[in-house]
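To keep things clear, I will list the structure first and then write my remarks on it.
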Amino acid sequence: MRFSRMYIPTLKEDPTEAEVISHKLMLRAGMIRRLAAGIYAYLPLGLMAVRNVERIVREEMNRAGAQELLLPGVQPAELWQESGRWEQYGRELLRFTDRHQREFCLGPTHEEVITDLVRHEIRSYRQLPLNLYQIQTKFRDEIRPRFGLMRGREFIMKDGYSFDVDDRMAEKSYHVMFEAYDRIFKRCGLNFRAVEADSGAIGGSFSHEFVVLAKSGEDAIATCSGCSYAANLEKAERACPVSKAVNDELPAMEKVATPGCGSIEEVCAFLQLEPEMTIKSMVYESDRGLHLVVVNGARQVSETKLKALLGVPWIALAEEDGIAKAFGARAGSLGPVGAGVEVIADQEVGLMPPLVCGANKDGFHLRQVVYGRDFTADKIGDVVEVRAGDACPRCGAPMELVRGIEVGHIFKLGTKYSKALSATFLDQDGKEKLMVMGCYGIGIGRTVAAAIEQNHDEQGMMLPYALAPFKVALLCLDTKNEEVVAYCDQLYRQLQERGIETLYDDRNERPGIKFKDADLIGMPLRLTVGRKSYARGILEVKKRRSPESMEIPVQDLSQLWHVIEEMAADDQGISSL
RNA sequence: CGGGAUGUGGCUCAGUCCGGUAGAGCACUGCGUUCGGGACGCAGGGGUCGGAGGUUCAAAUCCUCUCAUCCCGACCA
């Protein structure tokens, strides 16, 4: 493609609307433009990158035995009412009515539609397993869209769904998708981890997120330094410290005045303690009422884990009034001893030496509090967030926390949707059974953004070869010189004949502009032809990622073809597995 | 939805506190000089200052309301 004929509106300065690097660079490189909050147009260059991800996704999904289809974006309310999600989904689901006052929504995901399709057609175990996917625009009316393509409201997603005869086969399908995802993100040239994730209220038995490691990522993940364990912070577990013997000779619990001390810090400063020696008491509210959650004073409650342990759909910190009524004390002076509500204790609390906690009386705390002697819990479990340095639950080595961008997520769904929508089949014994489902998503635009987050420098993008819209930038620096132009034209033809996607900068612009644009949009290889270098009979070849360029004689380009083949090898190497 | 910020030619911003009839750089058009890392000179075109209402002789500037966008927290690919 000739640059002079392609619509690539590059920007010299960072647009104010963008904060993160991928968003800035995609706007500057003329890949995307914003239409409304979280809604973007893909310009030619941006679409080419998107198509490259899609191509890899299609190849790997098809290879894994999945079949592509395309479902409607507009979905009738009845299906969502049938699954119960019309009420559950909340405001992210954009609803509207047609001219006949029938209710519809814009599809944020397609479990209902695909299950509806399959339940009408599949009757026999002989027709299973089935794995169907699509690549399509989704709409989720996000509370807070941000960071360009990273969290849009309208976004391109690959969503796939598997249907199996039983749990065991469904797990096999899940595993096949896991492997496919692993290959997809490798081929995209990304540095990523597959991490264990919270499967949420979906009730699935397991779930993995594919997370691209990047400082700007919205997700925190815990990874083990000693083994392959990696998990979303929401889900990450830790090995608990060894139990400390508690004997009867411990001094009895006593009440101490702590005037004006509310927070853990204040209490610790007043009593000269470390936060580890205290119990933090938090009151949460759910549809089952109030819960007093007690954890080590140095730790944070994980609301996701708490929700899972309680088995409730939502929790929130209780209001002051409710706390005062239930405890007769304010939030800074609460504790599990004599509490009038259900007590949930983190697993660690029972293993700790005598502790300090609130006395359920304003201005007083208790010390020498021992679990089992002075109080017990109604429920014990893992309800705290993992911290850097915590021991890995698998091998005990210290874990570290890193940030990442979730680009893919796979779930074993089980029978949630097949049950709600009665998607059944007859097994070998002629018995009717529910199909066991899985679902598998990839954010296509987000994958492009993540690749940029991970591959850039001050000058611009350094897209992985597989994703780059063009593999080669050919810069003709002197468009007035007929010889130079003739040579560039000829070189351009040679590149085309070899099937190498080339952006030929034939614009009548100064060299500086061409260099800046080439670096900005970050094509893997740059070929430069100027009057002087041409006169010397050499072609300047520079990799975007390398600071030095090499000079190749114009008469013998074999070295050039070799370099390009090498760069392409990663993608093709994996795809020919 | 709570908290914070910003809206001024296509882009990046100044001007707003202290009211007096809109400015710079880039981009664009023409001419000339330049030409290996976002050139320079000259001459041009382009803005009802997000919108509505109000105060005032006079509003980008002060007041009220509203809309949009961005950032920080709960959702998610």
Side-chain angles (χ1 to χ4, degrees), chain A residues 9-20 23-24 27-28 30 33-39 53 57 88-93 108-110 135-160 181 185 197-198 200-202 207 209-212 218-219 232 234 303-304 307 314-317 404-411 439-450 459-460 475-481 484 505 507-520 526 528-534 540 542 549:
Chain A
T10 58
L11 304 173
K12 195 180 286 189
E13 289 166 288
D14 284 340
T16 37
E17 70 185 58
E19 192 69 18
V20 298
H23 190 194
K24 283 180 183 171
L27 287 166
R28 284 191 56 201
R33 286 293 183 264
R34 196 195 80 239
L35 183 64
I39 300 179
V53 174
V57 167
Q88 273 175 28
Y89 212 93
R91 303 258 294 276
E92 279 80 47
L93 188 64
T109 176
H110 282 65
I135 295 177
Q136 188 211 34
T137 297
K138 298 278 188 274
F139 194 93
R140 292 182 191 172
D141 202 355
E142 293 279 348
I143 299 165
R144 188 150 98 85
R146 58 178 157 173
F147 300 157
L149 294 194
M150 211 102 97
R151 178 183 299 279
R153 290 193 292 169
E154 185 176 297
F155 59 99
I156 303 172
M157 176 172 163
K158 187 286 295 185
D159 52 322
Y181 272 44
F185 296 119
D198 178 52
I202 293 183
S207 164
E209 286 172 359
F210 288 76
V211 177
V212 171
E218 293 184 90
D219 289 348
N232 192 303
E234 291 179 344
E303 298 193 354
T304 308
K307 220 157 48 174
W314 63 272
I315 50 160
L317 278 171
I405 302 161
E406 180 190 354
V407 289
H409 200 158
I410 59 178
F411 283 99
C439 74
Y440 317 95
I442 290 177
I444 303 288
R446 188 183 278 185
T447 300
V448 175
Q459 298 303 315
L475 309 195
C476 176
L477 295 189
D478 192 345
T479 52
K480 299 267 168 63
N481 184 311
V484 170
D505 197 342
R507 293 176 300 171
N508 182 19
E509 294 286 358
R510 297 167 58 81
I513 291 180
K514 299 191 180 187
F515 286 127
K516 290 291 183 188
D517 274 346
D519 286 346
L520 176 62
R526 187 183 79 196
T528 311
V529 182
R531 186 156 28 98
K532 288 174 193 160
S533 61
Y534 178 71
E540 182 188 310
K542 181 181 173 300
S549 56

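Chain naming here is simple, since letters A, B, ... match the order of the sequence lines and numbering starts at 1 in each.
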Note to self: Work out how far the P atom of B:A27 is from that of B:U64, and round it to whole angstrom.
What the structure shows: 41 Å
Between A:F185 and A:Y181, what is the ring plane arrangement, given parallel below 30°, perpendicular above 60°, and tilted in between?
-> perpendicular
Rounded distance in Å between the C1' positions of B:A58 and B:C18
16 Å
Within the 4.0 Å heavy-atom criterion, would you say A:K480 contacts the bases, only the backbone, or no part of the nucleic acid? base
Checklist entry - For atom C1', what is the distance between B:G51 and B:U69, given to the nearest Å? => result 15 Å
Just wondering, more than 12 heavy atoms not from A:R33 lying within 6.0 Å of its CZ? yes
message = Considering every strand and a 4.0 Å limit on heavy-atom distances, what is the contact class for A:R526: base, sugar-phosphate, or nothing?
response = base
Yes or no on side chain to side chain contact (heavy atoms under 4.5 Å, CB included) for A:F515 and A:Q459, after CA distance, side-chain angles and deciding distance? CA-CA 10 Å; A:F515 286 127; A:Q459 298 303 315; over 6 Å; no
The answer to which of A:E509 and A:L11 contacts RNA chain B further toward the 5' end, by nearest nucleotide, is A:E509
Between CG of A:L475 and C1' of B:G36 the distance, given in whole Å, is 10 Å
Here the pair of heavy atoms bringing A:I315 nearest to A:E303 is CD1-O, 3.5 Å
Across every strand shown, the nucleotide meeting Watson-Crick or G-U wobble geometry with B:G7 (both distances under 3.5 Å) is B:C67
Is a donor-acceptor contact shorter than 3.5 angstrom present between the side chain of A:R28 and the base of B:G38?
yes
Taking a pair to mean Watson-Crick or G-U wobble geometry with both distances below 3.5 Å, B:U55 pairs with none
Note to self: I'd like to know if A:R28 and A:D14 make a salt bridge, using a cut-off of under 4.0 Å between side-chain N and carboxylate O.
What the structure shows: yes
A:K516 NZ to B:G38 P, in whole Å, measures 6 Å
pair_partner(B:C13), Watson-Crick or wobble, both distances < 3.5 Å, evaluates to B:G23
Rounded to whole Å, the CD1-P distance (A:I513 to B:A27) equals 7 Å
Nearest heavy-atom contact between A:V53 and A:V448 is CG2-CG2, 3.7 Å
Inset, instruction - Please determine if A:D505 and A:R507 form a salt bridge, counting it only when a charged side-chain N lies under 4.0 Å from a carboxylate O. - result: yes
* What nucleic acid atoms does A:D478 come within less than 4.0 Å of, heavy atoms only: base, sugar-phosphate, or nothing? -> nothing
Review point. If you look at every strand shown and take non-hydrogen atoms under 4.0 Å, does A:D14 touch a base, only sugar-phosphate, or nothing?
Key: sugar-phosphate
If pairing means Watson-Crick or G-U wobble with both distances under 3.5 Å, then the partner of B:G41 is B:C31
By nearest-heavy-atom nucleotide on RNA chain B, the more 5' of A:P15 and A:P511 is A:P15
- Task: For B:A60 and B:A43, measure between their P atoms and round to the nearest Å.
- Result: 29 Å
Is any NZ, NE, NH1 or NH2 atom of the basic residue among A:E218 and A:R151 found under 4.0 Å from an Asp or Glu carboxylate oxygen of the other? yes
Review point. Which value, in whole Å, describes the distance between the P atoms of nucleotides B:G10 and B:G19?
Key: 30 Å
Query raised in the report: Any side-chain heavy atom of A:I444 within less than 4.5 Å of one from A:F155?
Result: no
The Watson-Crick or G-U wobble partner of B:C1, with both key distances under 3.5 Å, is B:G73
B:G47 -> Watson-Crick or G-U wobble partner, both distances under 3.5 Å, gives none
Under a 4.0 Å heavy-atom criterion, the protein footprint on nucleotides 66-77 of chain B, written with B, S and -, is ---SSBBBBBBB
_Interatomic distance at C1', B:G50 relative to B:G73, whole Å_ = 28 Å
query = Between B:A52 and B:C67, how far is it from one C1' atom to the other, in whole Å?
reply = 10 Å
(Q) With rounding to the closest Å, how many angstrom separate the C1' atoms on B:U61 and B:U55? (A) 13 Å
